[in-house]
2 protein chains.
Amino acid sequence: MTANPNEKRQRADGLRTRHAILVEAVSLASVVGLDGISIGELAKALGISKSGLYAHFGTKENLQLAVIDQAGLMFATDVIEPAEKLDPGLARLVGICEAFFDYLERRVLPGGCFFAGAVLEMGSRPGPVKERVAAFQNMFVGIIRELADQAIASGQLPANEESELLAFELTGMILAADANFVMTDDVRSLDVARRALRRRLGIAH
Amino acid sequence: MTANPNEKRQRADGLRTRHAILVEAVSLASVVGLDGISIGELAKALGISKSGLYAHFGTKENLQLAVIDQAGLMFATDVIEPAEKLDPGLARLVGICEAFFDYLERRVLPGGCFFAGAVLEMGSRPGPVKERVAAFQNMFVGIIRELADQAIASGQLPANEESELLAFELTGMILAADANFVMTDDVRSLDVARRALRRRLGIAH
DNA sequence: CCTACCGATCGGTAGG
DNA sequence: CCTACCGATCGGTAGG
């Protein structure tokens, strides 16, 4: 009755526009921050009107939540999924960290890692936006820690390693790599990160 | 001729006001970011008029530069100087990192470490503000690396340690400690940081 | 998705 | 340090 090809096209177009908005917004937010995005600036960058954005997201907060989800999707695609070809345990653990360094090197986003910035930006601002960022962060650190557990259990890492401490150190390397790369724009800072990683995990270089 | 007690009082008052402005601004910036500070909001928090702020700093950028300097002063006082009582080398290296974790635990600033946020916020925004942040970052990492070199040279750390990699790892721990503490507001996250630090440097716990 | 509009706030200035 | 003001932009809404 109500379903017709025309309506489907409209919906598909709407989704495509929505996706284009979010990709641009993630890119913008990586530079100016999640709160630094303005609807007017984003609309201008996309060549549409402000009210077009409101038609899609209603409020700025809803836009921010959608931006976090989109950034999470991109992060998963670019750094988590590539490592899933590797064996669980040490190989995949190293793979994720190296995929992150490669991700920075490819300059996917102009402001480096979206989440590194978002965690420090939103950490002291309670609310749904912070919670959404925290959920992603917990998910990521959880993966790292689980892989560390597997590496320890299988003897790929020393039995006296503690996965909680190792996960802390590795997320630290990821944050430091992002901070250094974004500050210097120099890929050699990523080589430091790669060498520190392999040395810490006792891998030949 | 022109110098009189009245003028001196005025200048001293001016400096006191300036200092009060900067302390409040550092605190505010630790939450909303260096660019997130607005002159109006800051003036309201201080109970003075916007033009009072302009009388002191002229432009927002000048205010930001002064805020960075003030934050640097506070950081030096709270985390670098306390460690200078300790012997150069390993003891002071550990001391600085632990002083940083204590600094977070005392909640000196409501948004955690000012510089951790500022580095990620300004990293991809070229200009004098970024350069001022970078200068402080380079100074701090330089101290860490120098202490690591001394610890290696004196045999307190293994001869096959590389100070560049170790400095990278320690700044990573500092960033991760800040991110976790700010996100969870849980002091136990700092215990993880302390344990990871001492384990990494081979210190008994 | 659009134009046209709202009150509030932005950084900054004039003049004291 | 103040009041009073500037043009620009903010997030958001009305009505289509």
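Chain letters run A, B, ... following the sequence lines, proteins first and then strands; every chain starts at 1.
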If you find the nucleotide of DNA chain D closest to Thr59(A) and the one closest to Lys44(A), which residue's nucleotide is nearer the 5' end?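 Looking at DNA chain D, the more 5' nearest nucleotide goes with Lys44(A).
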Taking only side-chain nitrogens and oxygens of Ser49(A), does any of them come within less than 4.0 Å of OP1 or OP2 of dC2(C)?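 Yes, Ser49(A) has a side-chain N/O under 4.0 Å of OP1/OP2 on dC2(C).
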What residues form a side-chain hydrogen bond (donor to acceptor under 3.5 Å, both in side chains) with Glu24(B), not counting sequence neighbours?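 side-chain hydrogen bond (donor to acceptor under 3.5 Å, both in side chains) list for Glu24(B), sorted by chain: empty.
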Answer yes when Glu105(A) and Arg194(A) have at least one side-chain N-carboxylate O distance shorter than 4.0 Å, and no when they do not.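 So Glu105(A) pairs with Arg194(A) through a salt bridge.
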Is Arg92(A) salt-bridged to Glu146(A), going by a charged N under 4.0 Å from an acidic O?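 Looking at Arg92(A) and Glu146(A), the cut-off is not met.
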Verdict with supporting geometry, Leu166(A) and Arg200(A), side-chain contact (heavy atoms from CB on, under 4.5 Å): CA-CA 9 Å; Leu166(A) 185 51; Arg200(A) 175 61 183 84; 3.7 Å; yes
In whole angstrom, what separates [X]'s [atom1] from [N]'s [atom2]?
X	N	atom1	atom2	value
Leu42(B)	dG12(C)	CG	C1'	15 Å
Glu61(B)	dC10(C)	CD	P	19 Å
Leu53(A)	dG12(D)	CG	C1'	12 Å
Phe57(B)	dG11(C)	CZ	P	14 Å
His56(B)	dG12(C)	NE2	C1'	17 Å
Tyr54(B)	dC6(D)	OH	P	17 Å

By ring-ring contact (aromatic ring centres under 6.0 Å, His included), Phe115(A) pairs with (sequence neighbours left out) Phe136(A)
Please state whether the base of dG12(D) and the side chain of Lys50(A) form at least one donor-acceptor pair under 3.5 Å? yes
Tell me, what's DNA chain C's dot-bracket, Watson-Crick or G-U with both distances under 3.5 Å, | for other-strand, [ ] crossing? ||||||||||||||||
Closest approach of Ala116(A) to Leu175(A) (non-hydrogen atoms, all atoms of both residues): CB-CD2, 3.7 Å
Please confirm whether the backbone N or O of Lys130(B) pairs with a side-chain atom of Arg125(B), one donor and one acceptor, at under 3.5 Å?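 No, because the side chain of Arg125(B) does not come within donor-acceptor range (under 3.5 Å) of the backbone of Lys130(B).
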Would a distance-only check, ignoring hydrogens and angles, find a side-chain to backbone donor-acceptor pair under 3.5 Å from Asn180(A) to Ser189(A)?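 Judged by distance alone, no pair lies under 3.5 Å.
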Any residue in residues 30-40 of chain B with a heavy atom nearer than 4.0 angstrom to DNA chain C? Just list them by number, or reply none.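 Only Ile37(B), Ser38(B), Ile39(B), Gly40(B) qualify.
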Minimum-distance nucleotide to Glu41(B) side chain [options: dC2(D), dC10(C), dG11(C)]: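 The nucleotide sitting nearest to the side chain is dC10(C).
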Please determine, for the side chain of Thr17(B), which listed nucleotide (dC10(D), dC1(D), dC2(C)) has the closest atom?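 Between dC10(D), dC1(D), dC2(C), the one nearest the side chain of Thr17(B) would be dC1(D).
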Kindly give the atom pairs (protein nitrogen or oxygen, nucleotide nitrogen or oxygen) under 3.5 Å for nucleotides 14-16 of chain D.
none

Between Glu61(A) and Thr59(A), is the side-chain hydrogen bond (donor to acceptor under 3.5 Å, both in side chains) condition met? List the steps. CA-CA 5 Å; Glu61(A) 183 172 289; Thr59(A) 65; 6.0 Å; no
Atom pairs and distances, side-chain donor-acceptor, residues 66-80 of chain B, under 3.5 Å, sequence neighbours left out:
from	atom 1	to	atom 2	distance (Å)
Asp69(B)	OD1	Arg132(B)	NH1	3.1
Asp69(B)	OD2	Arg132(B)	NH1	2.8
Thr77(B)	OG1	Leu73(B)	O	2.8

Show the numbers, then the answer: is there a salt bridge (Lys or Arg N to Asp or Glu O under 4.0 Å) between Asp191(B) and Arg188(B)? CA-CA 5 Å; Asp191(B) 286 329; Arg188(B) 283 176 299 178; over 6 Å; no
